[in-house]
2 protein chains.
Amino acid sequence: MQPFDPSATPGVPLYKEVKRRILATLSVGEWKPGGLIPSEKELCKLFAVSIGTLRKAIDELVIENILVRHQGRGTFVVSHNRNHHFFHFFNITRHDGQKSYPTVELVRFSKVKADALACEKLGVAAGSKVFVLINRLSLDGNKPVIDVITLPEHLFPGLTEQQLRQRTNTLYNFYQENYQLNVIRTEEHIRATLAGGELAEWLAVTAGTPLLQIGRSAYSYDNQPVEWRITYVNTEQYEYAAKPAQ
Amino acid sequence: MQPFDPSATPGVPLYKEVKRRILATLSVGEWKPGGLIPSEKELCKLFAVSIGTLRKAIDELVIENILVRHQGRGTFVVSHNRNHHFFHFFNITRHDGQKSYPTVELVRFSKVKADALACEKLGVAAGSKVFVLINRLSLDGNKPVIDVITLPEHLFPGLTEQQLRQRTNTLYNFYQENYQLNVIRTEEHIRATLAGGELAEWLAVTAGTPLLQIGRSAYSYDNQPVEWRITYVNTEQYEYAAKPAQ
DNA sequence: TTACATTTGTTCGTATGTATA
DNA sequence: TTATACATACGAACAAATGTA
């Protein structure tokens, strides 16, 4: 005989329900990125489950890079920092596989009506306003990457060019600190294209140079779309390192 | 007091040791792809560990796509089939995300001395012989993909063009069935390039068309390199779908 | 259709080890 | 040194899926 539990749903394992409740708590900002969540013992009491069930829920959130455990210290909400987690979303390396931190230069900032593609990718109504940022990234003195980033205005109210220029950490850290938007997952689709026009200028290549064109959707908790970007990469000296098929 | 265990190594958790022993058993071919491994109860006896420890070892192998569990049936060694597991290593989709199975046409088959890059990627001595296969893939009547595949001769003794033409399943299934080489992991690095020469002919595009150039190393158990390939993709109608950052 | 044995999945809990502050 | 927190290892009981008699 099961103990009475009003939240129990037939067919849904208890640990999945615990996981959902942890995600919901993260989603409303009760536990903040970089912060400590209650200990396993406390969470067992809170959710009225055994330690094994709780650990199974947290295990999945750790695998999904949403929580991180530190033996002896506690369990933390994953945060976007320069040191931790950055290369999880930055897949550009030198041909020899060497990674390095890019420096970023804001080339353009504007607020416009979203085009059809942006509306679809961001899940906003036709005619909605969006911010468009164009960033140029430098690596080892080269400038091989241009990011064209689209952000829905309703999630970034009052965003200004100055704020973006003054940020000292990563862009995803900026979203997190200033707009409580925590990017936890991306989807990427890669095509080849040719440089031309302003893109060729910004990358300092001749028109007709082959480039990678990487479309990325970035999501927060609850699969909320936060950002849509297209990244262009000159692969003369750099390349895209795909994650091992898993 | 711990029970005496001659295989125990200080600092290495028991479940990691169990995992290593399962991998070693797979590596020598004692449990075959597609086949059933002993039940959890039997494995507990075999390794003299508790059910929890055994499950933790198997959990990791399931996450790594090496084993697969079926409730009520048992635990199986993952196998390369047309139906199961194929899209795990095939990341080309239509622009709308639609997946379909390619048909394959062998364009060229030869045995040559490995060049420096192939030697490095396959971990073979300079001057070693390798087979080079060129495949053209069709999707929905289009021919957007060329694979240039390099295989070390010592792992594929006696490989013939006829064998390759007669295969009815995937290439990785062919390696598995005929050479007991089970590809379980790949690494991929993506660049942009321009079509030209034979490549442009095979893909039926004009010279100067931008293409994806995807370098892939494929590994078996024990990180043994099995295959090195370069895939060229015409992304006019297709694209590379990266796995979600995980 | 039914009954049963087998196998994995879920949930519970305890004891001990290891890392941290 | 001590308390706290996660990591590892143990195992019991029951649920759910599967295949077979």
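Below, chain A is the first sequence line, B the second, and so on; all start at residue 1.
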Worksheet item: Relative to the 5' end of DNA chain C, which residue comes earlier, G74(B) or K56(A), by the nucleotide with the nearest heavy atom?
Response: G74(B)
Item to complete: Using whole Å, report how far CZ of F47(A) lies from C1' of dT11(C).
Response: 16 Å
Worksheet, complete the sentence: By salt bridge (charged side-chain N to carboxylate O under 4.0 Å, His left out), R73(A) pairs with (sequence neighbours left out) none
Worksheet entry | Whole angstrom value for the distance that separates P of dT20(C) from CG of L36(A) | 15 Å
Worksheet item: Could you run down nucleotides 16-21 of chain D 5' to 3' and tag each one B, S or - for protein heavy-atom contact under 4.0 Å?
Response: BBBS--
Practice prompt. Report yes if a side-chain nitrogen or oxygen of T75(B) is closer than 4.0 Å to either non-bridging phosphate oxygen (OP1 or OP2) of dT8(C); otherwise report no.
Written response: yes
Practice prompt. State whether R69(A) places a side-chain N or O below 4.0 Å from either non-bridging phosphate oxygen (OP1 or OP2) of dA5(D).
Written response: no
Practice prompt. Looking only at side-chain atoms of V49(B), point me to the closest of dC10(D), dA7(D), dT10(C).
Written response: dC10(D)
Item to complete: Using only side-chain N and O atoms of R55(A), determine if any of them is under 4.0 Å from OP1 or OP2 of dC6(D).
Response: no
Worksheet item: What salt bridge (Lys or Arg N to Asp or Glu O under 4.0 Å) pairs are there with at least one residue in residues 164-184 of chain A, not counting sequence neighbours?
Response: E161(A)-R165(A)
Worksheet, complete the sentence: Rounded to whole Å, CD of E17(B) lies from P of dA7(D) at a distance of 21 Å
Worksheet item: Can you say whether the rings of H80(A) and Y172(A) are parallel (under 30°), tilted (30 to 60°) or perpendicular (over 60°)?
Response: perpendicular
Worksheet item: H154(A): what forms a ring pair (Phe, Tyr, Trp, His ring centres under 6.0 Å) with it, not counting sequence neighbours?
Response: none
Practice prompt. Could you tell me how the ring of H85(A) sits relative to the ring of F89(A): parallel (under 30°), tilted (30 to 60°) or perpendicular (over 60°)?
Written response: perpendicular
Practice prompt. Would you please name every residue forming a side chain to side chain contact (heavy atoms under 4.5 Å, CB included) with R20(B), sequence neighbours left out?
Written response: E17(B)
Practice prompt. Calculate the interatomic distance between L54(A) atom CG and dT10(C) atom P; express it in whole Å.
Written response: 15 Å
Item to complete: Check every atom of dA9(D), dT11(C), dG9(C) against the side chain of S50(B) and return the nucleotide holding the closest atom.
Response: dA9(D)
Fill in: Nucleotide dT4(D), atom P - distance to NZ of K41(A) in whole Å
7 Å
Between protein and nucleic acid, restricted to nucleotides 2-5 of chain C and to nitrogen or oxygen atoms under 3.5 Å apart, what atom pairs and distances do you find?
none

Practice prompt. Figure out the CG/C1' separation between D59(A) and dT11(C), and round it to whole Å.
Written response: 14 Å
Discussion item. So, OP1 or OP2 of dT4(D): does either fall under 4.0 Å of a side-chain N or O from S39(A)?
Written reply: no
Worksheet item: Mind checking what makes salt bridge (charged side-chain N to carboxylate O under 4.0 Å, His left out) contact with R69(A), not counting sequence neighbours?
Response: E40(A), D59(A)
Discussion item. Among residues at least two apart in sequence or on other chains, which ones pass salt bridge (charged side-chain N to carboxylate O under 4.0 Å, His left out) with E120(A)?
Written reply: none
Worksheet item: Hey, mind stepping through H189(A) and E239(B) against side-chain hydrogen bond (donor to acceptor under 3.5 Å, both in side chains) and telling me if it holds?
Response: CA-CA 6 Å; H189(A) 301 271; E239(B) 63 189 12; 3.1 Å; yes
Practice prompt. Name the orientation class of the two ring planes belonging to Y175(A) and F156(A) (parallel below 30°, tilted from 30 to 60°, perpendicular beyond 60°).
Written response: perpendicular
Worksheet, complete the sentence: Heavy-atom nearest nucleotide on DNA chain C taken for I51(A) and for Y15(A); more 5' hit belongs to Y15(A)
Worksheet entry | Base-pair map of DNA chain C as dot-bracket, where | denotes pairing with a different strand and pairs are Watson-Crick or G-U under 3.5 Å | .||||||||||||||||||||
Fill in: Between dG13(C) (C1') and E40(A) (CD): distance, integer Å
14 Å
Discussion item. Suppose we screen for side chain to side chain contact (heavy atoms under 4.5 Å, CB included). Which residues come up paired with D140(A), at least two apart in sequence or across chains?
Written reply: R94(A), S100(A), N142(A), Y238(A)
Discussion item. Taking the minimum atom-to-atom distance to the side chain of L14(B), which one of dT10(C), dT11(C), dC10(D) wins?
Written reply: dC10(D)
Worksheet entry | Set of salt bridge (charged side-chain N to carboxylate O under 4.0 Å, His left out) partners for K19(B), sequence neighbours left out | E60(B), E64(B)
Worksheet item: Looking at T53(A), does any N or O in its side chain come under 4.0 Å of the phosphate oxygens OP1/OP2 on dT10(C)?
Response: no
Practice prompt. List in chain and number order the residues that pass side chain to side chain contact (heavy atoms under 4.5 Å, CB included) with L155(B), two or more places apart in sequence or in another chain; answer none if no residue qualifies.
Written response: P152(B), L181(B), Q224(B)
Item to complete: May I have the distance from I58(A) (atom CD1) to dA5(D) (atom C1'), rounded to whole angstrom?
Response: 11 Å
